[in-house]
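Right, one structure below, let's go through it.
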Amino acid sequence: MVLIGIAGLVLPLFPREPNQRDFQAQSFAYRLGRRTGQFGLPAAEVIAGFNLFWHHAWARNLALALLVIGSFFNARDFAWGFSGAKEGRPTLRLYLVSGTVVAAWNAFWFYLIYRVAL
């Protein structure tokens with residue numbers, strides 16, 4: 001969780017979204033929400049990850065909540081990563097496949113954190 005959080009803090013600093021102009025054309029509220037998701041969630045993952053190492057009880061709850069909340073952001077990013085810059089916006093099928101893959105991955109981590117941590 002710590003490594004994912006650190007990578008999540010560093011990667012948004014590079015313009016990796018294929019349609020950067022489309023993103024800039026969105027409203028301020030949309031851009032603020034996306035940036036909050038791109039920086040706020042990874043920062044919270046780093047905090048939860050380190051505090052899981054120190055066996056804080058609240059860190060497990062934070063980590064589980066971050067897995068559920070982060071699934072929506074991660075599924076979108078996963079779909080955009082597979083669609084590539086040349087193809088443009090991902091298809092509905094790609095969103096569904098990405099959501100399924102991310103949900104399965106996060107369910108695995110949810111189980112590990114819920115059963116093994118603390």
Residue list, ring pair (Phe, Tyr, Trp, His ring centres under 6.0 Å) with Phe78, at least two apart or on another chain: Phe82
Minimum heavy-atom distance Arg31-Gln26, with the two atoms named: NE-O, 3.5 Å
Measure across Ala79 and Tyr95 and return the closest heavy-atom pair with its distance rounded to 0.1 Å. CB-CD2, 3.7 Å
If you group Ile, Leu, Val, Met, Phe, Trp and Tyr by side-chain heavy-atom gaps below 4.5 Å, do Ile113 and Phe108 land in one group? yes
For the pair Arg60 (side chain) and Tyr114 (backbone), establish whether a donor and an acceptor sit closer than 3.5 Å, ignoring hydrogens and angles. yes
What donor-acceptor contacts under 3.5 angstrom involve side-chain atoms of residues 64-73, with partners at least two apart or in another chain?
from: Ser71; atom 1: OG; to: Leu67; atom 2: O; distance (Å): 2.7
from: Ser71; atom 1: OG; to: Asn106; atom 2: ND2; distance (Å): 2.7

For the CZ atom on Phe39, are there more than 12 heavy atoms of other groups (residues, nucleotides or ligands in this structure) within a distance under 6.0 Å? yes
Work out which heavy atom in Leu62 is nearest to a heavy atom in Ala44; give both atom names and the distance. CD2-O, 4.0 Å
Steps toward side chain to side chain contact (heavy atoms under 4.5 Å, CB included) verdict (Asn74, Trp105): CA-CA 11 Å; Asn74 295 339; Trp105 179 253; over 6 Å; no
In terms of hydrophobic clustering (I, L, V, M, F, W, Y; side-chain heavy atoms under 4.5 Å; direct or indirect links), are Leu3 and Phe50 co-clustered? no
Ala59 versus Ala48, closest heavy-atom pair with distance: CB-O, 3.8 Å
Is there a side-chain contact between Pro42 and Val46, using heavy atoms and a 4.5 Å cut-off? no
Using every non-hydrogen atom in the two residues, find where Gly99 and Ala75 come nearest and quote the distance to one decimal. CA-CB, 3.8 Å
